[in-house]
Amino acid sequence: MNSAERIELEELQRRQALLTVSLSALTNDIDRLKARLATVSAVEEVSPWAASAEPIVPVPTVVQTTPPPLPPRIEAIAPVSPIVFEPQARDAIPPVAPPLRETFEMKLGTYWLVRIGIVMLLTGLVFLGTYAYKNYIGKFGAPGKVTLLYTASAVLICAGAWLQRRREKENMRNYGQVLFAGGLASVYFTTYAAHYVSVLRIIASPVVGGLLLLAWGAVTIFIADRRKSEALALFAVGLSYYTSAITSVGLFTLYSNLVLTGAAVFLLVRNRWTLLSFISVVATYGGFAFWRFHQGQWSWGARSELLIGDLFLGGYWIFFTAAVFLARDSALARARRATFATLNNAAFFSLVLLSMMHVMHGNFWKFSLGFGAVLLACSAAAKRFLVSEPMLKNAYLVQGLVLVTMGFIAYFTGLKLALVLAAESVVFTIFGQQRNNLFLKGAAIVTAALAGAWVIYASTAASRDVLLGSAIAAGM
């Protein structure tokens, strides 16, 4: 507990004491008022003037010799004096000091520099295992290097766990959390490099290396989930992305990113950690682009490599799309959910398109039509399962319509394209009127305009085409 939280607790306790005294005074007032009401009710019951509501008819033959008894005298009730708080009760509560504002230097030293330092430390460990200190560590061989890296990781984890137990100092707990996360990421990289970095290779089987990496990723997720610490999960997963990106080793980088993507999606669905998921989208697709850039260029050596890369991209997209539909309302609400889905779709489409440019020429229309149809299916699913998220449904709908139209434009030419766009405009018009959807109506107008423009552009070759094009344009 830091000083600001302690001051806030003391202020709440002071207010609680004042409320307790006020409640006691109010209870005394209620009891006295009840006593007064009970006394007045008893007097009214014994009074002869209030015994009957009927008028008294005098009898003239009876002569009253004695006057009637007077009603009993009601004693005046003393007014209730208000309760005044004693000065001793007020003085017993200590005054609250104003909260101390944390200076910029303190925040820089205890928050930012420690995070920058752990990144630099991790980078040093990477170069330590591959390039640095070759004259000394190189004599140990691969097992010795891996042992040193695991030892350094264990030291970071133990130091971080010990510092986090010191509850009396908040700043030390902050250091401990960062060191603990850095140690988890260091173990991840060491396991990663034990097979795919030549100077550190002690694991011969890629299957064993992949299973160990997957197991440690599960351990990291378990620790972050058990402690319910988004900062720990963010730092550990982020450093794991970093270690994968700075080491350009085969397709296993894509596999490790897929594992981390699944971890981020799991934490989003379970603990509603939105920031981790957004960072995971950028890191996953950015890691793929960085990995391809380190290959020298975007071109692929063979069609099979392109298919493998696109398969990983498809896995990323499926994971993040599942997060869009499975995350609860409080985790991804309205605009944030639509933004997350749009970012995922744009990154996937752009990277697949860049990959296809050098190998699969002439197949853009297939990919655009297919992916557009998938997005339209996602729009229908969002309308059914996420009724309170119309923005997500409209985002999928607009993106799907754009990609389908681009696929038609890429495949057809001339008047055939104009006729296809005209038919598409009719379909959009019908569905737009049935569902009363402004986006479908707008898409119908846009495709109709494109069809008319294409008719005029393609009909300049012959006069008969001009007549046909004019008729179609008039129909539009």
Side-chain angles (χ1 to χ4, degrees), residues 251 253-255 257-258 261 265 281-282 284-293 295-325 338-382 392-414 416-425 427-428 431 439-440 443 446-447 450-451 454:
L251 291 174
T253 299
L254 306 183
Y255 169 75
N257 284 349
L258 185 64
T261 299
V265 171
V281 171
V282 177
T284 297
Y285 290 110
F288 181 90
F290 187 80
W291 176 77
R292 285 306 306 156
F293 178 76
Q295 302 299 320
Q297 56 182 351
W298 275 99
S299 60
W300 297 80
R303 187 186 182 99
S304 59
E305 294 182 359
L306 170 66
L307 295 178
I308 293 175
D310 290 345
L311 182 63
F312 278 103
L313 287 174
Y316 304 153
W317 183 86
I318 291 174
F319 269 120
F320 290 127
T321 304
V324 171
F325 285 91
T339 302
F340 185 83
T342 302
L343 181 62
N344 179 34
N345 297 335
F348 171 74
F349 183 80
S350 301
L351 292 178
V352 172
L353 183 60
L354 287 174
S355 302
M356 292 174 57
M357 290 176 60
H358 301 280
V359 178
M360 301 180 64
H361 299 284
N363 291 316
F364 168 75
W365 68 274
K366 297 180 182 179
F367 172 65
S368 183
L369 277 176
F371 189 46
V374 172
L375 293 184
L376 292 178
C378 291
S379 176
L392 176 66
K393 177 199 67 174
N394 293 329
Y396 275 127
L397 179 63
V398 172
Q399 295 165 22
L401 294 178
V402 170
L403 292 183
V404 169
T405 304
M406 289 175 61
F408 287 146
I409 293 175
Y411 181 74
F412 295 102
T413 57
K416 291 182 180 180
L417 176 59
L419 292 174
V420 171
L421 292 177
E424 185 181 9
S425 175
V427 173
F428 292 162
F431 280 101
F439 290 96
L440 287 174
V446 172
T447 52
L450 290 175
W454 230 278

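Values below: all heavy atoms of this structure, side chains included; hydrogens, waters and symmetry mates excluded.
- By the 30° and 60° cut-offs, the orientation of the rings of Y316 relative to F312 is tilted.
- Across all non-hydrogen atoms, the minimal contact from G407 to W365 is O-CB, 3.5 Å.
- With rounding to the nearest 0.5 angstrom, the CE atom of M406 is 10.0 Å from the CZ atom of F367.
- S368 contributes no side-chain N or O that, together with a main-chain N or O of F364, makes up a donor-acceptor pair within less than 3.5 Å.
- Using a 4.5 Å cut-off on side-chain heavy atoms (C-beta onward), V404 and L369 make contact.
- Around atom OH of Y411, no more than 12 heavy atoms belonging to other residues, nucleotides or ligands sit under 6.0 Å away.
- Proximity of L313 to Y285: side-chain heavy atoms (C-beta onward) are separated by under 4.5 Å at one or more points.
- Taking all atoms of both residues into account, the shortest heavy-atom contact from L401 to A443 is CD1-CB, 3.7 Å.
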Which pairs would a plain distance check flag for residues 317-324, meaning a side-chain donor or acceptor within less than 3.5 Å of a matching protein atom at least two apart in sequence or in another chain?
| residue | atom | partner | partner atom | Å |
| --- | --- | --- | --- | --- |
| W317 | NE1 | N345 | OD1 | 2.7 |
| T321 | OG1 | W317 | O | 2.7 |
| T321 | OG1 | N344 | ND2 | 3.2 |

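- Considering only heavy atoms from C-beta on, F288 stays 4.5 Å or farther from T284 through its side chain.
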Kindly indicate, with the supporting measurements, whether the criterion side chain to side chain contact (heavy atoms under 4.5 Å, CB included) is fulfilled by F348 and V352. CA-CA 6 Å; F348 171 74; V352 172; 3.7 Å; yes

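- Listed here is the closest heavy atom pair of L258 and G315: CD1-C, 3.9 Å.
- For the atom pair CG (L397) and CG (L392), the distance works out to 11.0 Å, reported to the nearest 0.5 Å.
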